[in-house]
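Encoded as structure tokens, the structure appears first; notes follow it.
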Amino acid sequence: MRIGYGWDSHEFHAGIPLKIGGVQLPHEKGLAGHSDGDVLLHAVTDALLGAIAAGDIGTYFPPSDPKWKGADSVTFLQEAMRQVSRAGYTVANVDSTLILAEPKIGPHAAKIQGRVAELLKVEPAAVGIKAKTPEGMGTDNAAIAHVVVLLVKNSGKGSRPKRAVETVPQPEIDRVVNDLIKEVPEQPKTGGKTRR
Ligand code: MG
């Protein structure tokens, strides 16, 4: 198992679309950034990369590269997922906290949860979406996201777990054992003498 943590912030600017967690939300201001400013997907991306110690979002998508101007942050997350998969892991669950004065996230939380779950290839129940207002922080013109993610080692073909007991789920072991048992021809129950 590996744990990853990601954090990001973006400033609200008038007249641009607001995207959080891959979902466009109705609001008069959006989050400014080199890409689409999706603060939650950026934090998720960093958490994924952090969990496998594979750098951060800027390692793969430097803001200095004009190629990523206005980019859909889903692209960033998908690259992080590719790295996670290459390292032999899948996402177990993710938890997040958004800190922003407005808009209210509650009415959109289920949609954001569903979209993030889809991108991380997990059930919505494996994605925590929480939101708070920035009391006393003086960050009313920004959106902040904190994310933790838990990865588990893959047990499928091609992976070479060092310690099978730790990394192969019991149902998988049961399946393999049952298949082996099926392949063994039935032994005669009577007799007792060795046949030659
Ligand atoms: Mg960012």
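Start at 1 and go down the list; that is how both ligands and their atoms are numbered.
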- Task: Assess the side chains of Asp56 and Thr59: does a donor N or O sit below 3.5 Å from an acceptor N or O?
- Result: yes
- Report the relative orientation of the aromatic rings in Phe76 and Phe61; use parallel for angles under 30°, tilted for 30 to 60°, perpendicular for over 60°. tilted
- Message: Once ring pair (Phe, Tyr, Trp, His ring centres under 6.0 Å) is applied, do any residues pair with His13, and if so which ones, sequence neighbours excluded?
- Response: none
- Flag side-chain contact, heavy atom, 4.5 Å: Leu48 against Leu77: yes
- Query: Taking the Mg ion (ligand 1) as the centre, how many protein N/O/S atoms fall inside a distance shorter than 2.8 Å?
  - Reply: 3
- Task: Indicate whether any N or O donor in one side chain lies under 3.5 Å from an N or O acceptor in the other, for Ser73 and His42.
- Result: yes
- Do the charged groups of Lys19 and Asp38 touch, with an N to O distance under 4.0 Å? no
